[in-house]
Structures are given as structure tokens and as C-alpha cells.
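Take a look at the structure below.
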Amino acid sequence: MNNRHEELSRNVAIVRERIAHAALQSGRSPDEITLIAVTKTYPASDVATLIELGLIDFGENRDAEGSEKSQLLKARWHFQGQIQSNKIPSIANWANVVHSLDNPRHSDRLDRTIPSEKTMDVFLQVSLDDAPGRGGVSPDQLNQLAIATLEKPHLRLQGLMAVAPLGVEPARAFEQLAVIHNGFSTHFPQAPYLSSGMSGDFETAIIYGATHVRVGTSILGTRNHPL
Ligand SMILES: *Cc1c(COP(=O)(O)O)cnc(C)c1O
């Protein structure tokens, strides 16, 4: 057993403990929370170790990197980066879940490029501020995007995804998200999930209803180059 194995094992145990604590605090079972290990910038060998430690779900932000790792290792692969139109055919091939759908043209293109026997789980990314370039549809266009997505035969709408804006107290951002999510689940009860929360704020996200947390740094360590 090498040091990296021990380090990852310890980090996963701590993150699971923190998830369980936040879930119980919010009156839910820890089993209701899906932990996605965000392995961007880290090697496939780390993914292999995390699979040995019982993780199933892995998140990547870049098409090329996700495509490469997914060819080496069987897991449930989540794409959570900003979608570039020309990368959609590749993403359609390797990803099992897309968290960052934020525009009806992408929904259309994704549906058309998914291999016919396959379906793709999708979350709609909602913007909690109007900062350009970070992705996400504005809350007032959400229902329209959901309707367009539900019509697609290869897409299975799961719910919403969001990232807390920089410089905003996570609790405020996730409280705002909870209001949006409540409205959304009333309209679309078939898509009840909420993907929110990263290393710095996943407990707060869980308290405000997250069902999926995307955790990189707390499991794998600080990334050398930001992404
Ligand atoms: C990088 C990233 C994460 C993980 O961030 P950490 O702070 O390392 O846990 C989660 N979600 C998205 C969209 C990301 O880009």
C-alpha cells in the first residue's frame, strides 16, 4: 500500500464523514447524497485507486481529459465543464452524465449525436449571478430549457446544477438556489436532483438540498494548475 493510496483513502473517509454529518443535520440519509470525485488534472492512476476505495462517480471538466481517462477505466463519468459545441460528439461518446447543459442548441445537438442505443442523464446548469463566462442559464429561462430537454429521446433530465458565485457567501447562494430548485421540482417532478457543492461548500450545499456533490480538492489535493 503506497502513500498515495493511504492519502486518498484518508481523504475519502473524511469527506464521507462530512457528507454524512451534513445529511443527518438536514434530516436526510447519507445514502441520498451522491459523491462525485472531481479528478480533473489528476492521473488515471488516482481514479483507479478511488475505484478500489469504492467510488463510482467521477467528474471531469475537459473533453479530452475525460475521454482519455474513460477509455482506461470503467466508471460513471460526469462532464461538468462548459460545453463547446464542437466537443459535443465526443462528450456524447464517453460521458454518462452531463451537468452543465445551459442552452437549447446544445441540448438539441447532444441528443442528435448520442449513439442510438444510449441515453444521457443531464442536469441543467443554472446561473446564480449574471457573470458572463461561467456558464449557466438564467433562472427565467430555465423552464423553457427544461421543456426543450424533456422532448429529447436520448436525454434524461435529472435536475439542476449550480456553482456558488465567487465572492458570495455560499449559504446565501444555496438558499437562492433552493428557492429556484423548489419551483423547478414542482414543475418537473420527474427531475428532482440537485448537483451543487464543491470542496469549500459541500456541507452548506447539502443543508440546502444538494443530492450530488462534486468534490475535487478535498479528496485529491490542491491542483497545481487551476481549471
Ligand atoms: C473543479 C470543479 C469542482 C471541484 O472543485 P473543488 O473545489 O476542487 O472541490 C466542482 N464543480 C465544478 C463545476 C468544477 O469546475
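We count ligands from 1, going down the list as the structure has it; atoms in each ligand are counted the same way.
If you number the atoms of ligand 1 from 1 as listed, the ones under 4.0 Å from a heavy atom of Met198 come out as 3 (C), 5 (O), 7 (O), 9 (O), 10 (C), 11 (N), 12 (C). Listed by atom number, the atoms of ligand 1 under 4.0 Å from Thr217 heavy atoms are 6 (P), 7 (O), 8 (O), 9 (O). Against a heavy-atom cut-off of under 4.0 Å, Lys40 is close to the following atoms of ligand 1: 1 (C), 2 (C), 3 (C), 14 (C), 15 (O). The ligand atoms of ligand 1 that sit less than 4.0 angstrom from a heavy atom of Val215 are 9 (O).
For a threshold of 3.5 Å applied to N or O pairs, the pair formed by Val38 and ligand 1 contains no separation below that value. On a distance-only criterion, Ser218 and ligand 1 share no N/O pair closer than 3.5 Å.
No side-chain heavy atom of Glu169 sits less than 4.5 Å from a side-chain heavy atom of Thr204.
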Next item on the list: Take Arg16 and Leu55 through the test side-chain contact (heavy atoms from CB on, under 4.5 Å) and record every step on the way to the result.
Entry: CA-CA 11 Å; Arg16 286 203 190 285; Leu55 272 84; 3.6 Å; yes
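In the hydrophobic clustering (ILVMFWY side chains linked at under 4.5 Å, chained through shared members), Met198 is joined by Val97, Phe123, Met161, Val163, Tyr193.
For Lys118, the NZ atom is densely surrounded, since the number of other residues' heavy atoms within 6.0 Å is greater than 12. For Gln144, the CD atom counts as loosely surrounded, since its 6.0 Å shell holds 12 or fewer non-hydrogen atoms of other residues, nucleotides or ligands.
Arg10 and Glu6 are not joined by a salt bridge, as no carboxylate oxygen comes within less than 4.0 angstrom of a charged side-chain nitrogen.
Proximity of His99 to ligand 1 is not established, as no heavy-atom distance is less than 4.0 Å.
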